[in-house]
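From a predicted model like this one, the values you see are computed outputs, not experimental measurements.
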Amino acid sequence: MHYDPVLYSRILTELTLAFHILFATVGVGIPVLIALAEWTGIRRKDPYYTMLARRWARGFVITVAVGVVTGTAIGLQLSLLWPSFMRIAGQAIALPLFMETFAFFFEAIFLGIYLYTWDRFRKPITHFLLAIPVIIGSSASAFFITTVNAFMNTPQGFKLENGSIVDIQPLVAMFNPATPTKVAHVLASSYMTSAFVLAAIAAFSLLKNRGSLYHRKALKLTMTAALVFSVATAAVGDLSGKFLAKYQPEKLAAAEWHFETAEQAPLVLGGYLTPDHEIKYGLKIPYALSILAHGTPTSEVQGLNETPENERPPLYVHYIFDLMVSIGIFLTLLALAYMWTQRRGSKSRYPRWLLRLIVWAGPLAMLGIECGWVYAEVGRQPWILRGYMKTIDGATTSMHVDTMLVLFCFLYLLLGFTVVKVLGKLFKNNEVHEELAAWGLEGGKPQ
């Protein structure tokens with residue numbers, strides 16, 4: 001069998017990103033939920049919300065630790081697996097890569113202070129204020145690393161002469177056309193996903209014990225936040241579609257199997273594509289693609305046939321895009337359904353079907369994040385640096401990438417198993433009641 005270092009490099013990078021993005025997402029979103037819980041506890045003088053913040057913060061530390069390991073692996077793999085890419089682009093994106101490290105240290109310092117200063121201040125608001133730098137640090141870290149990805153999609157701020165990069169403008173490279181929508185989408189979706197993950201935990205606990213006031217308050221807070229961030233994610237997603245139509249039309253066309261440039265373009269959901277590009281069994285929504293691309297139902301959308309065949313993204317991204325959008329719609333409708341049941345029914349009881357759906361919403365939100373990143377990266381193919389360098393030209397020629405792949409697979413299996421075991425022991429259900437008893441709440445028993 002022919003050994004292909006490019007293939008192994010892509011598999012290893014994809015594996016690392018897929019594993020890392022789970023921890024990076026909650027690493028960005030959980031601090032916001034922790035701050036919301038603590039602020040609500042202070043404002044309402046409700047110790048249940050304060051305890052939520054304390055317990056979430058303990059679990060957050062575990063995810064941060066794993067995120068650091070996988071984030072370091074990404075930095076290592078950029079240099080080892082994609083040396084030609086780093087030789088060309090490394091100087092242009094050095095600033096955000098450095099600033100991302102600085103943002104992480106900023107977050108880590110204040111996270112340590114935040115964790116070890118509970119009950120150390122006369123005024124609780126003082127401790128709450130320490131959460132703000134943690135949020136700033138985690139969100140800034142996401143901002144800087146996302147600008148690197150944005151640069152790969154719309155590179156600017158340099159010139160390429162005889163294979164060498166010259167006339168570098170780091171700020172122009174960092175604030176490229178893809179930066180606003182990509183950063184906004186990453187942040188909004190991270191906040192949304194984290195809210196649904198915590199809501200899923202609360203819903204699971206309520207299914208086991210429907211009377212716990214602690215978990216009811218957790219569900220109310222997280223589902224309210226989930227609705228707000230779901231709407232924000234949908235709004236940014238609409239802007240992202242308009243960005244793609246202008247700057248990466250082939251990526252949008254591949255996602256919608258839109259081959260011929262045309263006005264009043266429909267949006268295609270599902271279906272099967274024949275070899276002669278005929279769509280069968282797909283649901284076509286009239287005018288929707290034109291609206292997504294340009295905001296009007298009669299606007300013209302560029303077709304994939306305008307792009308040379310050797311520069312077209314893989315057409316299977318259509319299914320990835322559909323799954324991502326479908327999950328986003330489902331999560332938004334689920335958050336609305338929760339609000340509706342709160343207004344119509346008892347605020348202390350939830351339909352079991354609703355709780356079950358919320359439990360599924362956590363994994364689905366994570367799957368939506370994975371789909372989003374797969375679409376972002378695969379949809380850019382065959383380019384690693386769009387318009388300048390193809391993926392096949394940026395990879396290493398080393399004959400040992402397969403060995404690295406095996407070693408990193410073992411590392412991620414070990415990390416995944418460790419995280420599940422540690423978080424499982426940390427958040428055993430009976431521990432909640434013990435802490436409630438220690439705080440003098442619910443008598444140590446669910447109510």
message: Applying side chain to side chain donor-acceptor pair (under 3.5 Å) to Y191 and T233, what does each step give before you reach the verdict?
response: CA-CA 9 Å; Y191 303 153; T233 302; over 6 Å; no
task: List the steps, then state whether side chain to side chain contact (heavy atoms under 4.5 Å, CB included) holds for Y247 with N153.
output: CA-CA 9 Å; Y247 292 97; N153 286 274; over 6 Å; no
message: For S230 and F196: C-alpha separation, side-chain torsions, deciding distance, then whether side chain to side chain contact (heavy atoms under 4.5 Å, CB included) applies.
response: CA-CA 10 Å; S230 294; F196 275 113; 3.4 Å; yes
message: The test is salt bridge (charged side-chain N to carboxylate O under 4.0 Å, His left out); show your working for E250 and R386 and say whether it passes.
response: CA-CA 12 Å; E250 74 284 354; R386 186 177 181 271; 3.0 Å; yes
Steps toward side chain to side chain contact (heavy atoms under 4.5 Å, CB included) verdict (V268, L283): CA-CA 6 Å; V268 179; L283 174 63; over 6 Å; no
task: Begin from the C-alpha positions of Y272 and Y281 and carry the test ring-ring contact (aromatic ring centres under 6.0 Å, His included) through to its verdict.
output: CA-CA 6 Å; Y272 165 74; Y281 314 116; 7.3 Å; no
Side-chain donor-acceptor distances from residues 95-111 under 3.5 Å, at least two apart:
{"from": "E100", "atom 1": "OE2", "to": "S141", "atom 2": "OG", "distance (Å)": "2.7"}
{"from": "T101", "atom 1": "OG1", "to": "L97", "atom 2": "O", "distance (Å)": "3.3"}

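W257 and H318 have parallel rings, their planes meeting at less than 30° on a 0 to 90° scale where 60° marks the start of perpendicular.
No side-chain heavy atom of D393 sits less than 4.5 Å from a side-chain heavy atom of I384. Side chains of M339 and T224 form a contact here, defined as non-hydrogen atoms less than 4.5 Å apart. Contact check for Q248 versus W383: no side-chain heavy atoms found under the 4.5 Å cut-off. Two residues are said to be in side-chain contact when any heavy atoms from C-beta on lie closer than 4.5 Å; M324 and F321 meet this criterion. The closest side-chain heavy-atom distance from E311 to K390 is below 4.5 Å. Considering only heavy atoms from C-beta on, L52 stays 4.5 Å or farther from L33 through its side chain. Between R216 and K220, every side-chain heavy-atom pair lies at or beyond the 4.5 Å cut-off. When side chains are defined from C-beta on, E14 does not count as touching V378, because their heavy atoms never get closer than 4.5 Å.
Looking only at distances, no side-chain donor or acceptor of D238 sits under 3.5 Å from a matching main-chain atom of A235. For the pair T146 (side chain) and V183 (backbone), a donor-acceptor distance under 3.5 Å is absent. Under the 3.5 Å distance criterion, the side-chain polar atoms of T179 are matched with a main-chain donor or acceptor of M174. For the pair K242 (side chain) and L292 (backbone), a donor-acceptor distance under 3.5 Å is present. Between the side chain of T70 and the backbone N or O of V66 there is at least one donor-acceptor pair closer than 3.5 Å. With S189 contributing its side chain and V186 its backbone, the two residues share a donor-acceptor pair below 3.5 Å. Not a single donor-acceptor pair under 3.5 Å links the side chain of T63 to the backbone N or O of G27. A distance-only check finds a donor-acceptor pair linking the side chain of Y319 to the backbone of G271 [under 3.5 Å]. With hydrogens and angles ignored, the 3.5 Å screen pairs a side-chain donor or acceptor of Q381 with a backbone N or O of E377. Between the side chain of N176 and the backbone N or O of V172 there is no donor-acceptor pair closer than 3.5 Å.
Both tests pass for K251 against the ring of Y375: distance under 6.0 Å to the centre and angle within 45° of the axis.
Environment of CD1 in I392: sparse, with no more than 12 heavy atoms of neighbouring residues, nucleotides or ligands closer than 6.0 Å. For F330, the CZ atom counts as densely surrounded, since its 6.0 Å shell holds more than 12 non-hydrogen atoms of other residues, nucleotides or ligands.
If you take CD1 on I30 and OG on S194, they are separated by 4.5 Å, rounding to the nearest 0.5 Å. Going from atom CD1 of I93 over to atom CG of L385 covers 8.5 Å, rounded to the nearest 0.5 Å. To the nearest 0.5 Å, the span separating CD1 on I145 from NZ on K182 amounts to 13.0 Å. Atoms OG1 and CE, on T341 and M223 in that order, are 8.5 Å from each other to the nearest 0.5 Å. With rounding to the nearest 0.5 angstrom, the OG1 atom of T13 is 9.0 Å from the CD1 atom of I74. Atom CZ of F417 and atom CG of L414 lie 8.5 Å apart (nearest 0.5 Å).
When all heavy atoms of G379 and P313 are compared, the closest pair comes out as O-CG, 3.3 Å. Of all the heavy atoms in T117 and F121, the pair that sits closest is CB-CE1, 3.6 Å. Here the closest heavy-atom approach between residue L304 and residue A253 is recorded as N-CB, 3.7 Å.
The only member of V26, I34, L115 that meets side chain to side chain contact (heavy atoms under 4.5 Å, CB included) when paired with F60 is I34. The only member of L331, T332, V325, I327 that meets side chain to side chain contact (heavy atoms under 4.5 Å, CB included) when paired with I329 is V325. Considering F158, F85, Y388 in turn, F158 is the only one that fulfils the ring-ring contact (aromatic ring centres under 6.0 Å, His included) rule with F151.
A salt bridge does not link E38 to R43: none of the charged side-chain nitrogens sits closer than 4.0 Å to a carboxylate oxygen.
Checking W118 against T50 by side-chain atom types alone, no donor-acceptor pair falls below 3.5 Å. Side-chain contact, Y338 with T222: no donor N or O sits under 3.5 Å from an acceptor N or O.
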